[in-house]
Protein chains: 2
Amino acid sequence: MSTILDVAEKAKVSIATVSRALNNQPGCSEETRKKVKKIAQELGYEPNEVARSLINKKTNTIGVIIPEISSLLSSEFINGIDAIAKQENSNLIVTYTKSNIVSTEENLRMLHEKRVDGIIFVSEILRKEYYEYIKRNNIPCVLLSTKSAEYASVPYVKVDDYDASYAATNYLIMMGHKKIGLISGSSADPIAGNPRIDGYKKAILENLNMVVEERQIVSGNGFGFDDGRDNFIQLIKQYPDLTAIFCASDEMAIGAISAAYKLGISIPDDVSIMGYDNLKISEMSVPPLTTTAQPLVKMAEKATEILFKIINKKDSDVHSIIMPYQIIERESVKNIK
Amino acid sequence: MSTILDVAEKAKVSIATVSRALNNQPGCSEETRKKVKKIAQELGYEPNEVARSLINKKTNTIGVIIPEISSLLSSEFINGIDAIAKQENSNLIVTYTKSNIVSTEENLRMLHEKRVDGIIFVSEILRKEYYEYIKRNNIPCVLLSTKSAEYASVPYVKVDDYDASYAATNYLIMMGHKKIGLISGSSADPIAGNPRIDGYKKAILENLNMVVEERQIVSGNGFGFDDGRDNFIQLIKQYPDLTAIFCASDEMAIGAISAAYKLGISIPDDVSIMGYDNLKISEMSVPPLTTTAQPLVKMAEKATEILFKIINKKDSDVHSIIMPYQIIERESVKNIK
DNA sequence: TTGAAAGCGGTACCAT
DNA sequence: ATGGTACCGCTTTCAA
């Protein structure tokens with residue numbers, strides 16, 4: 001494998017000249033430039049970006065820290081992040097966490113040791129330890145689909161879960177449903193758990209004039225298919241007269257539909273199901289899933305754009321963004337008015 | 001951000017000693033080691049892996065080149081790769097290609113400039129250009145879910161598509177089906193296209209004693225949901241008396257099921273559907289999809305293990321692997337015997 | 001226009 | 001046990 005020195009020797013110029021020639025920098029005659037480029041080509045010379053990074057203090061690599069909760073959600077986010085990174089001539093190092101503190105801190109440290117130019121932190125609470133690490137090491141960072149009440153200096157991009165959940169529940173009410181169950185994440189989860197529960201409760205209270213009973217809600221730990229399936233069975237048992245269910249994720253909604261199929265319960269004729277996220281699979285399901293859309297790819301793109309603004313010191317207009325949600329009507333909710 | 005020099009100065013020792021102390025290398029008193037570690041801690045010193053990589057000629061990073069054909073397939077592969085990489089203390093840089101030649105070569109070049117320790121090349125033909133680039137630059141490389149007839153020096157891990165497809169079709173025959181359609185990828189695709197078509201044809205010929213007619217097959221370009229949906233409609237039109245369809249990917253199978261639902265065709269009562277891959281969504285579908293499983297995660301793990309053998313010069317037992325497929329019976333195929 | 005040389009932040013060899 | 005130093009491959013300043 002040839003280095004800049006090999007090129008210099010063969011071209012009978014200094015390495016400084018080779019550098020200038022290859023990088024199209026001024027201070028180099030066109031003739032020399034051509035000769036150097038030709039020889040570099042012949043030698044199959046490829047610049048060593050590691051060496052470049054060391055001196056430039058820029059790796060053209062950004063890190064992503066993302067929980068493995070849902071690979072379907074993750075892959076949409078990563079698509080968006082990757083698109084913008086590519087535009088900025090950067091690559092991604094994606095690290096998955098199991099939502100446990102050690103792993104996240106390890107990932108943070110690894111990414112920093114690799115001197116990534118910045119980090120996108122996805123769907124996970126920004127704990128004090130993380131924040132301090134980021135601050136101390138001065139790492140550009142943006143939060144995606146999570147937020148940072150306490151650390152206002154870290155910008156975030158997300159949908160307002162409380163509002164979106166309120167709207168989703170209201171949609172079911174508008175379709176004539178009065179007995180509405182909820183399958184949600186953990187109430188201890190301050191990002192995607194509690195706010196969605198509260199939005200649901202508020203809608204029922206304000207627009208149905210009812211206080212939600214405990215049996216109307218099953219909230220597990222995760223947001224996955226299995227959770228949805230299990231929670232559906234549980235919910236049907238404890239609240240058999242329901243006519244509609246709002247699921248706090250599409251994966252859970254698909255799980256619920258699957259469980260319903262096994263039990264011989266028809267969707268949407270017997271029970272209406274409403275999802276949250278608008279993943280690709282929500283249009284692939286049978287029946288196609290009515291859901292509360294988050295603009296997942298757009299959110300990821302926005303977050304990444306902000307990150308590059310910080311990296312490139314265009315801090316001028318760096319601020320958090322609340323993205324709009326949208327109700328997508330498909331075929332899993334029945335109008336029973 | 002402090003460097004090894006800062007630590008050395010504050011500890012009143014040389015940088016050589018700091019290096020030895022922090023890396024737990026011999027030639028350093030326990031007392032000094034403790035002092036250095038304490039000071040490094042105080043300073044919040046984090047080693048710069050870029051500098052390390054430069055001298056060690058090892059970045060602890062491996063590259064993945066993968067087409068975006070199906071993010072569902074991709075994410076299973078990436079999970080497997082990531083698991084082994086993590087064990088080896090490496091991170092992943094994943095690059096997506098749109099299967100066009102320029103992009104793949106660009107990705108290859110970028111990964112090499114970043115001096116990744118090796119590359120996993122997924123689901124894509126290893127063209128002559130790629131192979132030569134890899135050889136010329138001496139990049140450790142393993143192929144995953146694709147192969148390299150011409151370049152035997154590049155090991156691969158895959159399922160035998162021809163055999164698997166033959167077995168899948170035979171399964172339908174064993175279930176009593178005689179009029180079996182095929183929804184496949186392009187016959188010009190020598191990896192996942194043609195072999196699966198041929199396996200299907202062979203099964204029909206040998207075990208049904210029939211020559212496949214043209215109208216029994218619809219082969220598009222991709223393997224996605226939309227392809228499956230569109231091709232199902234087309235196939236039903238040109239071969240209305242079929243009783244079963246073998247789809248060359250799960251995503252296409254789900255697309256077919258979805259189209260059937262819209263047309264009021266019942267799966268599996270009117271038409272049986274068989275998939276290929278065994279993605280996560282195949283158990284999430286309604287009805288759950290009977291399919292031809294590839295051990296996706298295992299395959300990715302194997303490929304990555306081989307890659308690290310090459311990287312670590314344990315070339316002793318590096319060879320390609322054909323992984324076993326398996327028929328997974330769920331509920332989308334009806335026994336009509 | 002060109003070259004010499006000083007780093008970037010580490011590792012490892014060779015003295016001491 | 002410790003320190004001095006060459007070096008990894010490149011960029012950039014300063015002189016020539």
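Quick caveat: nothing in here was measured; it's all calculated off a predicted structure.
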Looking across every strand, which nucleic acid part, if any, lies under 4.0 Å from A:T32 by heavy atom: base, sugar-phosphate, or nothing? sugar-phosphate
B:V13 or A:T17, whichever maps to the more 5' nucleotide of DNA chain D: B:V13
Any donor-acceptor N or O pair under 3.5 Å, side chains B:T59, B:D117: yes
Quick one: is D:dT11 close enough that its OP1 or OP2 comes under 4.0 Å of any side-chain N or O from A:R52? yes
Length of the CG-C1' vector between A:N23 and C:dT2, whole Å: 16 Å
Enclosure of B:K114 NZ (heavy-atom neighbours >12, cutoff 6.0 Å): yes
Indicate, yes or no, whether a donor-acceptor pair under 3.5 Å links the base of D:dG3 to the side chain of B:R20. yes
Of the nucleotides D:dT13, D:dT2, C:dC8, which one has an atom closest to the side chain of A:L54? C:dC8
Between A:R52 and A:N23, a side-chain donor and acceptor under 3.5 Å: yes
Considering only D:dC10, D:dT2, C:dT11, which nucleotide approaches the side chain of A:Y45 most closely? D:dC10
Under 3.5 Å, is there a donor-acceptor pair between the A:S148 and A:Y131 side chains? no
In whole angstroms, how far is the C1' atom of C:dT11 from the CD1 atom of B:I4? 8 Å
Take the protein atom CD1 of B:I15 and the nucleotide atom P of D:dA6, then report the distance between them rounded to whole Å. 12 Å
Look at the side chain of A:S14 and decide which nucleotide, out of D:dT11, C:dG3, C:dA12, has an atom nearest to it. C:dG3
Atom CD1 of A:I55 and atom C1' of C:dC8 are separated, to the nearest Å, by 5 Å
Closest listed nucleotide, where the reference is the side chain of B:P47 and the choices are C:dG10, D:dT12, D:dG3: C:dG10
Donor + acceptor pair across side chains of A:E124, A:T104 (<3.5 Å): yes
Does A:Q25 have a side-chain nitrogen or oxygen under 4.0 Å from the phosphate oxygens OP1 or OP2 of D:dT12? yes
Side-chain atoms of A:A51 come closest, of C:dA12, D:dC10, D:dT2, to D:dC10
Let's see if you can work this out: which of D:dT2, C:dG10, D:dT11 has an atom nearest to the side-chain heavy atoms of B:C28? D:dT2
Donor-acceptor pair between B:K37 and B:N24 side chains, under 3.5 angstrom: yes
Side-chain N,O (B:S19) to OP1/OP2 (C:dG10) below 4.0 Å: no
If I take atom CG in residue A:N56 and atom P in nucleotide C:dG7, what distance separates them, rounded to the nearest angstrom? 17 Å
Residue met sooner reading DNA chain C from 5', once A:G27 and B:E49 are mapped to nucleotides: A:G27
Rounded off to whole Å, could you give me the NZ-to-P distance for the B:K12 and D:dG3 pair? 12 Å
Expressed in angstrom and rounded to an integer, what is the separation of A:L5 atom CG from C:dA5 atom P? 14 Å
Take atom NZ of B:K57 and atom P of D:dC7, then tell me their distance rounded to the nearest Å. 13 Å
Indicate whether OP1 or OP2 belonging to C:dC8 is found under 4.0 Å from a side-chain N or O atom of B:T3. no
NA contact type, B:P26, heavy-atom cut-off 4.0 Å: base, sugar-phosphate, or nothing? nothing
